Amino acid sequence: MMNEETSSSTPSSGGVKLFFVRLSQMYQSTLDRWTPHTRMRWVGAAVLVLLFLLRIFINQGWYIVCYALGIYHLNLFIAFLTPKIDPEFDPYDNDDGPNLPTRSNEEFRPFIRRLPEFKFWLSITKSTLIGLICTFFDFFNVPVFWPILVMYFITLFCITMKRQIKHMIKYKYLPFTRNKPRYQRVGESPTTTK
């Protein structure tokens, strides 16, 4: 008797599970197709952020949502600028100095971010969509004096970026290097190319 009840409920739960597995596969397939199109992804994200800000500006509300989204985007940006293994807190560093190269004659080590570019874009896009959806509900439209939020955000941004830039200078890394540097051979002239 117990087996009949269990077997009768299995097809419906299997169908729901199959639906969500298929939905997850379609979502991942879409993300995989978007991966190589970096410029278009960021243009789309910028348009989405501008649409969100336009909605905030036109409706004169949802400043708390805008502030929370700005703080989250700042947090993502800092993670994007930070190396995956922070030289300041590296437990495997035997006081040999920073892990990143500091001179041109050292071995090239690419900059590995704590938050990769694709995940940065995806998080910004998702959070902006969630923020945009929140602006359609009056529940999130909490009355606040928005100039204080703007000043606090600007102060927080300046302090955070100052700390990040000091960290970059201290450990001599630049998070925006793109390619491995090319060195010239000893007898090769600067104009000779292969």
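In what follows, residues are counted from 1 in the order of the sequence shown. For clarity, every value in this text was computed on a predicted model and none was experimentally measured.
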Nearest 0.5 Å please: distance from the [atom1] atom of [X] over to the [atom2] atom of [Y].
| X | Y | atom1 | atom2 | answer |
| --- | --- | --- | --- | --- |
| Leu74 | Gln164 | CG | CD | 10.0 Å |
| Asp138 | Phe140 | CG | CZ | 11.0 Å |
| Leu23 | Leu18 | CG | CG | 11.0 Å |
| Met161 | Ile165 | CE | CD1 | 5.0 Å |

**Report entry** same_hphob_cluster(Ile124, Ile130) at 4.5 Å side-chain heavy-atom cutoff
**Finding:**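 They do not share one cluster, since no chain of ILVMFWY contacts under 4.5 Å joins Ile124 to Ile130.
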Query raised in the report: Linking I/L/V/M/F/W/Y whenever their side-chain heavy atoms sit closer than 4.5 Å, directly or via other members, would Trp121 and Val43 fall into one cluster?
Result: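 No, Trp121 and Val43 fall in different hydrophobic clusters.
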**Report entry** Partner of Tyr67 by side-chain contact (heavy atoms from CB on, under 4.5 Å), out of Ile71, Val65, Leu69
**Finding:**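 Considering Ile71, Val65, Leu69, a side-chain contact (heavy atoms from CB on, under 4.5 Å) with Tyr67 is found only for Ile71.
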**Report entry** Heavy-atom neighbours of Phe118 CZ exceed 12 at 6.0 Å
**Finding:**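 For Phe118, atom CZ is crowded (more than 12 foreign heavy atoms under 6.0 Å).
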Query raised in the report: Taking everything shown except Trp34 itself, do over 12 heavy atoms lie less than 6.0 Å from its CH2?
Result: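 Not buried by this count: 12 neighbours or fewer within 6.0 Å.
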Check: [Y] main-chain N/O paired with [X] side-chain donor or acceptor under 3.5 Å:
| X | Y | result |
| --- | --- | --- |
| Trp62 | Val142 | no |
| Arg113 | Phe80 | yes |
| Ser29 | Gln25 | no |

Query raised in the report: So, for Thr160 and Leu156, which heavy atoms are closest and what is the spacing to 0.1 Å?
Result: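 Reported closest heavy-atom pair: OG1-O, 2.7 Å.
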Query raised in the report: Between Phe120 and Phe77, how do the two ring planes meet: parallel, tilted or perpendicular, split at 30° and 60°?
Result: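 The rings of Phe120 and Phe77 sit tilted, inter-plane angle from 30° to 60°.
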Query raised in the report: With side chains defined as the heavy atoms from C-beta onward, is the minimum distance between Phe136 and Cys134 less than 4.5 Å?
Result: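 Sidechains of Cys134 and Phe136: no contact.
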In a table with atom names and distances, give each donor-acceptor pair under 3.5 Å that connects a side chain of residues 44-61 to protein atoms at least two apart or in another chain.
from	atom 1	to	atom 2	distance (Å)
Arg55	NE	Thr135	OG1	2.8
Arg55	NH2	Thr135	O	3.0
Asn59	ND2	Arg55	O	3.4
Gln60	OE1	Tyr63	OH	3.1
Gln60	NE2	Phe57	O	2.5

Requested in this report: With sequence neighbours left out, write down each residue that passes salt bridge (charged side-chain N to carboxylate O under 4.0 Å, His left out) with Arg41, or none if nothing qualifies.
Outcome: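 Counting only residues at least two positions away or on another chain, Arg41 forms a salt bridge (charged side-chain N to carboxylate O under 4.0 Å, His left out) with Glu117.
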**Report entry** Sequence neighbours excluded, every pair satisfying side chain to side chain donor-acceptor pair (under 3.5 Å) that has a member inside residues 69-80
**Finding:**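 Checked against side chain to side chain donor-acceptor pair (under 3.5 Å) - neighbours excluded - the pairs reaching residues 69-80 are His73-Ser127, His73-Thr128.
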Query raised in the report: Would Ile64 and Leu149 count as a side-chain contact (heavy atoms from CB on, under 4.5 Å) if you check the C-alpha gap in whole Å, the side-chain angles of each, and the deciding distance to 0.1 Å?
Result: CA-CA 8 Å; Ile64 290 291; Leu149 291 180; 4.1 Å; yes
